[in-house]
Amino acid sequence: MRPPGGRVLTVNPTNIVWNTNTWVEVGVNGIEAGAAVRLGLYIDVDRDAALGTNDRMVALFNLVDGQTNSLAAETIVDDEDGAADGAIASRVSYFGIDGVHHVAGSYLWAASTNGLRP
Ligand SMILES: [Ca+2]
Ligand SMILES: [Ca+2]
C-alpha cells in the first residue's frame, strides 16, 4: 500500500560550485515498501529546469528500497537506510574534481518505479 502524500524526490544540496567535494543526498519517498527505483541524472541541455526530450541522461542508478550494496562501499549508490520502508535514502559522491559530475552545467534528477523517465 502506497503511503499518503505521493512520491517525492529530494536533492540536497541543489547547487554546487564546480570544484566542491561533497556528497549529494538524493531521497525518494512515498514508494511501495521494497520497490525498485531507477534514479537518473540528466544534463538539462535547454536549461529550462524541466526534463524534456532534448535532455540527456548522464548517470543511471538502479536502486531497491532496503538494499545496500554487497561490498559495503560508501561510493556505490544504494539505499543507505537499509530498510524496506517505502523510502530510499541515497547519496552520490561528488568527490574528485576531475570526475564527470563536476562538469559545469544544469542537471536534473528523475526517479521512476517503472521506466527511465517519470
Ligand atoms: Ca530541459
Ligand atoms: Ca529504505
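Counting starts at 1 for both ligands and their atoms, in listed order.
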Asks: Taking backbone and side chain together, does Ile88 place any N/O/S atom at a distance below 3.0 Å from the Ca ion (ligand 2)?
Replies: no
Asks: Looking only at N, O or S atoms, which one in Asp46 sits nearest to the Ca ion (ligand 1)?
Replies: OD1
Asks: Is Gly86 close enough that one of its N/O/S atoms sits under 3.0 Å from the Ca ion (ligand 2)?
Replies: no
Asks: Tell me which N, O or S atom from Asp44 is the closest to the Ca ion (ligand 1).
Replies: OD1
Asks: So which N/O/S atom does Asp65 have closest to the Ca ion (ligand 2)?
Replies: OD1
Asks: Please name the atom of Asp85, restricted to N, O or S, that is closest to the Ca ion (ligand 2).
Replies: OD1
Asks: Would you say Asp79 and Leu63 make side-chain contact, with heavy atoms under 4.5 Å?
Replies: no
Asks: I'd like to check Thr75 versus Trp23 (side-chain heavy atoms, cut-off strictly below 4.5 Å). Are they in contact?
Replies: yes
Asks: What is the name of the N/O/S atom of Asp48 that is nearest to the Ca ion (ligand 1)?
Replies: OD1
Asks: Using a cut-off of strictly less than 3.0 Å, determine whether Ala50 has an N/O/S atom near the Ca ion (ligand 1).
Replies: yes
Asks: What's the OD2-the Ca ion (ligand 2)-OD2 angle here (Asp81, Asp79), rounded to 10 degrees?
Replies: 110°
Asks: Starting from the C-alpha separation in whole Å, work towards a yes-or-no answer on side-chain contact (heavy atoms from CB on, under 4.5 Å) for Val26 and Phe61.
Replies: CA-CA 11 Å; Val26 183; Phe61 305 102; over 6 Å; no
Asks: Which of the N/O/S atoms in Asp55 sits closest to the Ca ion (ligand 1)?
Replies: OD2
Asks: Can you tell me how far CG of Asp78 sits from CZ of Arg91, rounded to the nearest 0.5 angstrom?
Replies: 9.0 Å
